[in-house]
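Worksheet: one structure, shown below.
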Amino acid sequence: MVVNSIRERTITENSMVILLQGLQGEVTTVDLRNESTARGRVVNVDAFMNVRLEDVLYRDRLGQLTQLQDLFITGRNIRYVHIPDHMDIMKTIESQLAKIHRVRNFGSEGGGRKEFAKKTK
Amino acid sequence: KVDEREQPTTNTVEEPLDLIRLSLDERIYVKMRNDRELRGRLHAYDQHLNMILGDVEETVTTVEIDEETYEELYKSTKRNIPMLFVRGDGVVLVAPPLRVG
């Protein structure tokens with residue numbers, strides 16, 4: 001998944017959100033600020049930590065369970081994200097960074113768009 | 001920081017966040033909002049204090065007031081999580097683990 005805005009790419013590259021983006025496709029539990037939890041497959045995480053989950057089991061703070069096909073959680077409402085045991089954190093961060101750099105360097109040889117190109121004189 | 005990209009990390013302590021850098025891979029104590037505390041191994045952090053903690057023990061403390069005696073009953077609930085991403089806006093303070101049990 002390619003993030004299209006330069007701003008979002010820069011924010012992602014400079015914070016730990018990049019690890020959460022590497023969780024796409026994994027099933028995790030997200031603990032929300034309102035004491036409820038949502039367990040499901042991560043569809044997408046953006047630079048602001050907004051999360052889309054699918055096939056979710058949502059447990060409210062009273063323990064009541066609800067099944068949801070699709071859930072969008074605002075970044076501000078997240079307290080924790082459980083990282084699956086099998087994940088290699090460093091590898092995930094490195095591969096996510098590589099993806100961003102691939103996008104950034106795309107077309108640079110052929111005179112494509114350059115982000116933060118240094119002015120040479 | 002876990003990832004050293006363009007700038008290599010320095011060894012001197014220049015700003016408060018550098019103190020946290022000294023605790024990388026060490027066990028730390030994190031006080032969070034809503035009467036929560038975390039004890040775990042710091043694997044990574046960023047400028048927002050988003051953190052990755054391993055082998056975490058979360059303690060949630062609640063106070064109940066006895067209706068008759070008006071005593072304050074402090075209860076704490078603990079749980080263990082192998083690997084946790086913590087959103088920085090919930091963090092109040094970060095310290096080496098407290099010695100007192």
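None of the values given here were measured: they were computed from a predicted structure. Naming: A, B, ... by sequence-line order, numbering from 1 per chain.
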Please indicate whether B/Tyr70 has more than 12 foreign heavy atoms, meaning atoms of other residues, nucleotides or ligands, lying under 6.0 Å from its OH.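 No.
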Check whether more than 12 heavy atoms from other residues, nucleotides or ligands sit under 6.0 Å from atom CZ of A/Arg7, and answer yes or no.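 It does not: A/Arg7 CZ has 12 such atoms or fewer within range.
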Hey, does the side chain of B/Arg27 reach the backbone of B/Asp55 with a donor-acceptor pair shorter than 3.5 angstrom?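 Checked: pair present.
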Closer than 3.5 angstrom, by distance alone: can the side chain of A/Ser36 be matched with the main-chain N or O of A/Leu32 as a donor-acceptor pair?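 Pair absent, no side-chain N/O of A/Ser36 close to backbone of A/Leu32.
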Determine whether A/Ile89 and A/Val42 fall in the same hydrophobic cluster, where Ile, Leu, Val, Met, Phe, Trp and Tyr are linked whenever their side-chain heavy atoms lie under 4.5 Å apart.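 Yes; tracing contacts between hydrophobic side chains, which count when under 4.5 Å, links both residues.
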Spell out, yes or no, whether A/Ile18 and A/Ile11 are grouped together once hydrophobic residues are joined by side-chain heavy atoms under 4.5 Å, including indirect joins.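 Looking at the clustering, A/Ile11 is in a separate group from A/Ile18.
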Under 4.5 Å, counting heavy-atom pairs only, tell me which of A/Ile78, A/Leu19, A/Leu20 racks up the most with chain B.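 Sorted descending by pairs with chain B, the first entry is A/Leu20.
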Could you check which of A/Val30, A/Thr28, A/Val17, A/Asp31 has the highest count of heavy-atom pairs closer than 4.5 Å to chain B?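 Result: the option with the highest number of such pairs is A/Asp31.
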Among A/Glu54, A/Arg52, A/Gln24, which residue meets the side chain to side chain donor-acceptor pair (under 3.5 Å) test with A/Asn44?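 When side chain to side chain donor-acceptor pair (under 3.5 Å) is applied between A/Asn44 and each of A/Glu54, A/Arg52, A/Gln24, only A/Gln24 qualifies.
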Chain B heavy atoms under 4.5 Å from A/Glu94: which part of the residue, side chain, backbone, both or neither?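 The answer is neither part of A/Glu94.
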Which portion of [X] sits near chain A, non-hydrogen atoms under 4.5 angstrom:
| X | value |
| --- | --- |
| B/Leu53 | neither |
| B/Leu38 | side chain |
| B/Asn50 | both |
| B/Leu84 | both |
| B/Arg33 | neither |
| B/Met32 | side chain |

For chain A, which candidate among B/Met51, B/Met83, B/His48 shows the most heavy-atom pairs at distances under 4.5 Å?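 Option with the greatest count: B/Met83.
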